[in-house]
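Atoms within a ligand are numbered from 1 in the order they appear, just like the ligands themselves.
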Amino acid sequence: MTGLAETAPSGAQTDAAPARTMRALTLVGDRKIELLDIGAPPAPSSGEVQIGIKAIGLNHIDVWGWRGMAFAKRKLPLIVGVEAAGEIAAVGPGVTALKPGDRVVAYGALTCGACKACRQGRDNLCENVGSIMGFHVDGFARDLVNMPARLVVQIPAGVSFRDAACAPVAFGTVQHMLFDNAKLEPGETILVQAGGSGIGTTAIKMAKAIGATVITTVGDDAKAAKAKALGADHVINYRTERFESIVRKLTAKKGVDVAFEHVGPDTFNGSLLCLKRGGRLVTCGSTSGQSITMNLFQLYLQQYRIFGSFGCSLRNIRDSLAKMASGLTPVIDTEVPLAEFERGLERLESRQVFGKIIVMF
Ligand SMILES: [Zn+2]
């Protein structure tokens, strides 16, 4: 991390009025993020709002972006930050549902709002989705950002900016995985892999809240105690025990109804082995690698159902915020100030976290 830039890069305002600048955390090369002063956005245009960002939630997609990813089509420099909460600073013509001072989060994938999937409220299946903010195009880690008002959701009273910053990606993703895809029901048993992560802690809390039995895996004994305290019924330290055999034992050899995956090659086949016949595996990530070999006999003989899940709908974000308002709040590992964004990423990459890392403006 270097300090402030000496001069604003191109794109700064050049009108007669003194140019307004703002801070922006900018990825300038692999593993190189700088806090730059850049031109502030213009007044919001028709249908847009301008949001003053207050908090950013870090996610593994930030770590991928930071490390550099061969398949991602994007240009550097890039403003980082894929999920955020903030306050409306100004509204453009035609915006009536929001006003300055409203506390909001924003949907960070630029969907079209017009295709069949969008009209059906299945926003993350938009046929014309442009880009993911903070990954393909400039993201939220800046003082001010202009967004289409239709992609903005109000934060209910009583929910902090810090907690609300976890709604668009962490909470929204888990809400979508558990209830739209895996259709987890009260009384069912779920295996949550890597229960100490941001989405793992969220999955434990959401599954317990509807009355599911939760078995979770963690990498050390300190995390085991914390996962227990969150309400997990059984916690397995995957470094000292084989989770596949423990899950078979805990379920009287039947297996679990749902496996919640995001680890990838290290655990994916083990998670499948933990399912009962007809069980559902839902995955939104593969932090341990990209590819696996799968036993197809097992897949169809056991009638497994596997769901790939990425992102969520605006409805999932609203539902997530409502859950927070009713007391189901995110587990926060650390808050770091804006200038220490990279320290947050390093902590996330090391997997030495329990819950979410939040960057405060
Ligand atoms: Zn669309």
Q. Are the side chain of Asp233 and the backbone of Val214 linked by a donor-acceptor contact shorter than 3.5 Å?
A.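 Yes; judged by distance alone, with no hydrogens or angles, the pair exists.
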(Q) Pair Ser271, Glu261 - check side chain to side chain donor-acceptor pair (under 3.5 Å), show working. (A) CA-CA 7 Å; Ser271 293; Glu261 252 296 334; 2.7 Å; yes
(Q) So, at under 2.8 Å, which protein N, O or S atoms would a careful student list around the Zn ion (ligand 1)? (A)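 Within the sphere that stays under 2.8 Å of the Zn ion (ligand 1), the protein atoms of type N, O or S are Cys112 SG, Cys115 SG, Cys118 SG, Cys126 SG.
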Q) Which residue pairs pass the ring-ring contact (aromatic ring centres under 6.0 Å, His included) test when at least one of the two sits in residues 164-222, sequence neighbours left out? A)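 For residues 164-222, and leaving out neighbouring residues, there are no ring-ring contact (aromatic ring centres under 6.0 Å, His included) pairs at all.
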Q.
Clusters formed by hydrophobic residues whose side-chain heavy atoms approach within less than 4.5 Å: which one holds Met360, and what are its other members?
A.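 Members besides Met360, by chain and number: Ile332, Ile358.
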**Q.** Which residues share a salt bridge (charged side-chain N to carboxylate O under 4.0 Å, His left out) with Asp221, sequence neighbours left out
**A.**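 For Asp221 there are no salt bridge (charged side-chain N to carboxylate O under 4.0 Å, His left out) partners, ignoring immediate neighbours.
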(Q) Between Arg150 and Glu48 (salt bridge meaning N to carboxylate O under 4.0 Å), is one present in this structure? (A)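 Here Arg150 does not pair with Glu48 in a salt bridge, since their nearest N and O are not under 4.0 Å apart.
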